[in-house]
Amino acid sequence: MNRTALATLAVLLLAGPPVAAEEPDPSTPEGDPTAAEYWRHCSIDGFPAAACGGTASSCPPGTLMSPVAWIGTCHNPADGRDYILSYNDCCGKGPCGQAFVHRNEGDKPVYYAHKSNDVGWCMGPADAVYNSTVSVVIGVVEDEEAAEAEEPAK
Ligand code: ABN
């Protein structure tokens with residue numbers, strides 16, 4: 001298995017099964033994965049992969065997705081739910097240079113590395129050169145009341 005396949009497998013294992021999120025109308029800024037206002041970009045600090053030849057959840061050709069990432073929570077206007085986003089860096093090619101986006105919802109100082117968008121994750125198995133960043137939905141924030149109603153009484 002090559003490095004790309006191994007890194008992809010690691011990302012999938014860490015991320016667990018995919019979560020389906022309803023996407024806003026792609027003709028609006030909130031539904032356009034290349035736009036700063038795209039709903040998944042609420043805590044991104046970098047070049048969105050979708051504006052660099054990739055998609056919101058896949059890296060541009062010729063780059064390798066970092067298996068480690070920082071995590072944010074963004075509100076999806078299409079279904080009114082909050083989703084957990086994994087912002088993995090795409091590595092191994094020079095900076096994409098297109099449409100830099102710096103939004104900081106929930107961003108924490110770098111000593112909380114997993115909650116800081118100021119950390120470059122092109123390290124370890126990935127080549128150290130930073131290109132761009134994906135925003136992958138890895139979970140949904142459960143409505144506490146609905147979850148409690150579903151749980152049997154303790
Ligand atoms: N994770 C985005 C990034 C890359 C390099 C340096 C700072 C932040």
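Start at 1 and go down the list; that is how both ligands and their atoms are numbered.
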Shortest protein contact, [atom] (heavy atom only):
atom	value
atom 7 (C) of ligand 1	Asp118 O, 3.7 Å
atom 2 (C) of ligand 1	Asp45 O, 3.2 Å
atom 5 (C) of ligand 1	Gly120 CA, 3.6 Å

### Query
Would you say Tyr87 contacts ligand 1, with heavy atoms under 4.0 Å as the rule?
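No, Tyr87 has no heavy atom closer than 4.0 Å to ligand 1.
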### Task
Report yes or no: does Asp89 contribute a side-chain atom to a donor-acceptor pair with the main-chain N or O of Tyr130 at less than 3.5 Å?
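Checked: no pair found.
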### Message
If I apply the N/O under 3.5 Å rule, does Asp89 come out as touching ligand 1?
### Response
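Asp89 vs ligand 1: N/O contact under 3.5 Å present.
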### Query
For the cysteines Cys52 and Cys90, is the SG separation below 2.5 Å?
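Judged by the SG atoms alone, which are 2.5 Å or more apart, Cys90 and Cys52 are not bridged.
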### Task
Determine, using ring centers only, whether Trp39 and Tyr83 are less than 6.0 Å apart.
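Centroid distance Tyr83-Trp39: below 6.0 Å, so yes.
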#### Entry: Qualifying residues under ring-ring contact (aromatic ring centres under 6.0 Å, His included), relative to Tyr112, sequence neighbours excluded
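By the ring-ring contact (aromatic ring centres under 6.0 Å, His included) rule, Tyr112 matches no residue at all.
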### Query
atom 1 (N) of ligand 1: which of Val129, Val119, Thr133 has the nearest heavy atom?
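Result: the heavy atom closest to atom 1 (N) of ligand 1 is in Val119.
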### Message
Does either side chain, that of Asp45 or that of Asn104, offer a donor lying less than 3.5 Å from an acceptor on the other one?
### Response
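No, no side-chain donor-acceptor contact under 3.5 Å.
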